[in-house]
Amino acid sequence: LADFERAHTRTYIDDVFALRVPNGFGTFSKEVNASLPYTSGALLTAARWALAAKTAVAAPVSGFHHAGHRMGADFCTFNGLMVAALALQAERPGLRVGILDYDYHYGDGTEDIIEKKDPPGVVHVSAGEHWTRPEQAEDFLKAISTHLDAMTDCDVVLYQAGADPHIDDPLGGFLTTTQMAQRDWRVFNGLRERGIPVAWVLAGGYQTPLSKVVDLHVNTMRAALAAHSP
């Protein structure tokens, strides 16, 4: 609860677990709510491991970037990106954390928490704020190095590797499969060159069958392994 409370109000946290307000899925589910400490905890653990080993570590969850300071939204109950970032800073005062959000949608919940809590040393880049159209694809890929430069002083980066920017996603659509592979390679290789460890999560993807989304996540894993192979 202390980890959640750094990012969210205690009233909202208590109301979620007491089933007084719906979770991010809009339901009152004990089963979903029981999973919440583990989904945020997976990213926190991955970030700890990435810091310890100075490498890339995957957490098979999402960052839940639509959850704001006092509310959940759009399948996001608690904001795992901010929960992890603020927990890391509590453990290591002075730690600088980058949040690189390449989901198709804007990380409005993350920005809401940053505005409310004003944490020092958190750098947030959300591609969904500016990059949404196929004609922007090449410019977006070129901008990745600029995004990474903004995180040069960070001790660790939390990377939300959304699958929904894929051109065929019904809720996204501006990068081809090849361009998404380039996106991930540029992120992982660029962070490795800058000496910054990274913990990454899967994030959105809404194509059917689900195997199409899985294939995109597998490509992200391939990019991480290629960038960090001996």
Side-chain angles (χ1 to χ4, degrees), residues 1-47 58-88 90 97 99-119 122 124-129 132 158-166 169-173 199-208 210 212-214 216-217 220:
L1 291 180
D3 289 333
F4 285 132
E5 197 171 357
R6 293 188 190 95
H8 302 280
T9 65
R10 185 56 183 260
T11 299
Y12 171 62
I13 297 165
D14 289 344
D15 284 348
V16 166
F17 285 113
L19 303 182
R20 290 190 290 265
V21 299
N23 56 40
F25 293 88
T27 67
F28 296 86
S29 169
K30 291 182 179 179
E31 290 78 15
V32 168
N33 291 1
S35 74
L36 299 175
Y38 297 95
T39 50
S40 290
L43 176 54
L44 177 55
T45 297
V61 294
S62 178
F64 305 106
H65 65 169
H66 292 305
H69 183 50
R70 59 181 68 243
M71 63 176 288
D74 300 325
F75 315 120
C76 307
T77 306
F78 297 123
N79 192 308
L81 295 164
M82 288 304 298
V83 169
L86 298 178
L88 290 170
V97 181
I99 298 176
L100 184 64
D101 188 344
Y102 281 172
D103 191 89
Y104 180 78
H105 304 94
Y106 176 48
D108 52 349
T110 304
E111 195 60 36
D112 177 58
I113 295 170
I114 290 173
E115 289 177 359
K116 297 293 193 306
K117 306 294 287 189
D118 194 24
V122 174
H124 178 222
V125 173
S126 181
E129 185 177 10
T132 57
L158 309 180
Y159 172 39
Q160 173 128 299
D164 54 7
H166 191 267
D169 197 283
L171 298 182
W200 61 277
V201 292
L202 309 179
Y206 306 96
Q207 294 188 64
T208 56
L210 185 60
K212 293 182 178 180
V213 179
V214 173
L216 294 171
H217 290 322
T220 303

Given side chain to side chain contact (heavy atoms under 4.5 Å, CB included), test H8 with V83 step by step and report yes or no.
CA-CA 8 Å; H8 302 280; V83 169; 4.3 Å; yes
For K116, which of D112, I113, D118, I114 qualifies under side chain to side chain contact (heavy atoms under 4.5 Å, CB included)?
D112
Taking side chain as C-beta onward, heavy atoms only, is [X] less than 4.5 Å from [Y]?
X: I13; Y: L1; answer: yes
X: T39; Y: T77; answer: no
X: Q207; Y: L216; answer: yes
X: L171; Y: Y104; answer: no

Judged by atom type as modelled, is there a donor-acceptor pair below 3.5 Å linking the side chain of Y12 to the main-chain atoms of G72?
yes
When you measure from the side chain of D164 to the backbone of H105, do you find a donor-acceptor pair of N or O atoms at a distance under 3.5 Å?
no
T220: what forms a side chain to side chain donor-acceptor pair (under 3.5 Å) with it, not counting sequence neighbours?
D184
Those residues that, when tested against R10, pass side chain to side chain donor-acceptor pair (under 3.5 Å) (two or more places apart):
E5, D14
Which pairs would a plain distance check flag for residues 60-70, meaning a side-chain donor or acceptor within less than 3.5 Å of a matching protein atom at least two apart in sequence or in another chain?
from: S62; atom 1: OG; to: F64; atom 2: N; distance (Å): 3.3
from: H65; atom 1: ND1; to: D101; atom 2: OD2; distance (Å): 2.5
from: H65; atom 1: ND1; to: Q160; atom 2: NE2; distance (Å): 3.3
from: H66; atom 1: ND1; to: D108; atom 2: OD1; distance (Å): 2.7
from: H69; atom 1: ND1; to: A7; atom 2: O; distance (Å): 3.1

Would you please name every residue forming a side chain to side chain contact (heavy atoms under 4.5 Å, CB included) with [X], sequence neighbours left out?
X: P22; answer: F28
X: V125; answer: L100, H147, M151
X: F25; answer: N23, T27, V32, F75

Please give me the minimum heavy-atom distance between [X] and [Y], naming the atom from each residue.
X: A34; Y: P37; value: O-CD, 3.5 Å
X: L43; Y: A199; value: CD1-CB, 4.0 Å
X: M82; Y: P119; value: CE-CG, 4.2 Å
X: A161; Y: A203; value: C-CB, 4.2 Å
X: R6; Y: D3; value: NH1-OD1, 2.5 Å
X: A85; Y: L158; value: N-CD1, 4.1 Å

Using 30° and 60° as the class boundaries, would you call the ring planes of F4 and F17 parallel, tilted or perpendicular?
tilted
